[in-house]
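Read through the structure below, which is laid out as C-alpha cells, and then see the notes.
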Amino acid sequence: MSDLNANGHIFGGWVLSQMDISGGLVAGRIAAGPVATVAIEAMTFIKPVLVGDVISVFAHEERRGRTSIGIRVDVVATRGPAQEQIAVTSGLFTFVALDENHRPRPLPGS
Ligand SMILES: CC(C)(COP(=O)(O)OP(=O)(O)OC[C@H]1O[C@@H](n2cnc3c(N)ncnc32)[C@H](O)[C@@H]1OP(=O)(O)O)[C@@H](O)C(=O)NCCC(=O)NCCS
C-alpha cells in the first residue's frame, strides 16, 4: 500500500527510484567505478503504472562529457492477459563519475 498513491496507481517516486538504479548501473559500467546522480531532466510520466503491471526499464547512453554521462531511461509496463506494452515514463538522468573523495573524476578515455 505504501507504494500506491491516492489514485491507486504506483507512486511516481517508486518508479523514479527504479529508473535511477537502472541508469546508475549502466553509468557505473561506463565510468568503471562509482557514480552519483547529479540531475534528472525531461522526466515525463506518460501513463500510470497499475497494480499487476510488470515493468521493464531500458537505459542507454545518450551523451558523454568529461566526467558526466547522460543516460536515457525508459519504462515500459506489460499489462493484462494480452500482455499490452505501454510506455509509462521516460527521463534523461545525468550521472557523474566520482573519485575516492566523492569529487568528479574523468571518465575512462577522456
Ligand atoms: C556530483 C557532484 C560531485 C558534482 O560536483 P560539482 O561540483 O557540481 O562538479 P562539476 O561542476 O565539476 O560538474 C561535474 C559534471 O557534472 C555536470 N553537471 C553538474 N551539474 C549538472 C546539472 N545540474 N545538470 C547536468 N549536468 C551537471 C557538469 O556539466 C560536469 O560534466 P562534464 O565534466 O562532463 O562536463 C556533486 O554535485 C554532488 O556530490 N552532488 C550530490 C550527488 C548525490 O548525492 N546524488 C544523489 C544520490 S546518488
Side-chain angles (χ1 to χ4, degrees):
M1 284 297 282
S2 64
D3 290 329
L4 299 184
N5 65 23
N7 304 320
H9 302 154
I10 300 297
F11 183 49
W14 183 86
V15 180
L16 187 62
S17 70
Q18 306 310 304
M19 297 171 79
D20 193 31
I21 292 166
S22 304
L25 287 171
V26 173
R29 226 177 280 148
I30 294 165
V35 295
T37 313
V38 72
I40 303 173
E41 297 163 65
M43 182 69 203
T44 311
F45 291 95
I46 305 160
K47 294 269 173 62
V49 179
L50 308 183
V51 173
D53 286 352
V54 174
I55 64 162
S56 303
V57 185
F58 301 94
H60 67 268
E61 180 180 343
E62 191 165 292
R63 59 176 154 78
R64 195 181 292 206
R66 196 180 75 86
T67 67
S68 69
I69 310 155
I71 303 286
R72 168 68 55 183
V73 184
D74 298 302
V75 181
V76 173
T78 302
R79 183 170 301 160
Q83 303 273 287
E84 191 186 356
Q85 302 283 300
I86 302 154
V88 287
T89 61
S90 180
L92 180 61
F93 288 64
T94 303
F95 297 90
V96 175
L98 297 180
D99 67 15
E100 58 281 5
N101 299 311
H102 309 279
R103 293 301 303 155
R105 164 178 61 87
L107 294 169
S110 67

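First listed ligand is number 1; within each ligand, the first listed atom is number 1.
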I need the nearest protein heavy-atom contact for atom 19 (C) of ligand 1: residue, atom name and distance, please. V38 CG2, 3.9 Å

Between N5 (side chain only) and G8 (backbone N and O only), is there a donor and an acceptor less than 3.5 Å apart? yes

Pair T78-E84, side-chain donor/acceptor within less than 3.5 Å: no

The closest protein heavy-atom partner of atom 16 (O) of ligand 1 is V96 CG2, 3.3 Å

G65: numbered ligand 1 atoms lying under 4.0 Å from its heavy atoms: 34 (O)

Going by distance only, is there an N or O of H102 that falls short of 3.5 Å from an N or O of ligand 1? no

Purely on distance, is any nitrogen or oxygen of E41 under 3.5 Å from one on ligand 1? no

Starting from atom 9 (O) of ligand 1, locate the nearest protein heavy atom and write down its residue, its atom name and how far away it is, to 0.1 Å. P104 CG, 3.4 Å

Walk me through whether I10 and L4 qualify under side chain to side chain contact (heavy atoms under 4.5 Å, CB included). CA-CA 5 Å; I10 300 297; L4 299 184; 3.6 Å; yes

Taking only heavy atoms of L98 into account, list the atoms of ligand 1 that are under 4.0 Å away from them. 3 (C)

Got the closest protein heavy atom to atom 28 (C) of ligand 1, with its distance? S68 OG, 4.8 Å

More than 12 heavy atoms of other groups within 6.0 Å of H60 NE2: yes

Distance to 0.1 Å, residue and atom name: give those for the protein heavy atom nearest to atom 45 (N) of ligand 1. T37 O, 2.9 Å

Taking atom 35 (O) of ligand 1 as the reference point, the nearest protein heavy atom with its distance: R66 N, 4.1 Å

Using the rule side-chain contact (heavy atoms from CB on, under 4.5 Å), only one of T89, I55, I40 pairs with M19; which is it? T89

Closest protein heavy atom (residue, atom, distance) for atom 22 (C) of ligand 1: A39 CB, 3.7 Å

Return the closest protein heavy atom for atom 7 (O) of ligand 1 as residue, atom name and distance. R103 NH2, 3.0 Å

Of the options S22, S56, S90, which is the one that meets D74 in a side chain to side chain donor-acceptor pair (under 3.5 Å)? S90

So do V75 and F45 actually touch side chain to side chain, heavy atoms under 4.5 Å? no

Looking at ligand 1, is there an atom of it that comes within less than 4.0 Å of some heavy atom belonging to R64? no

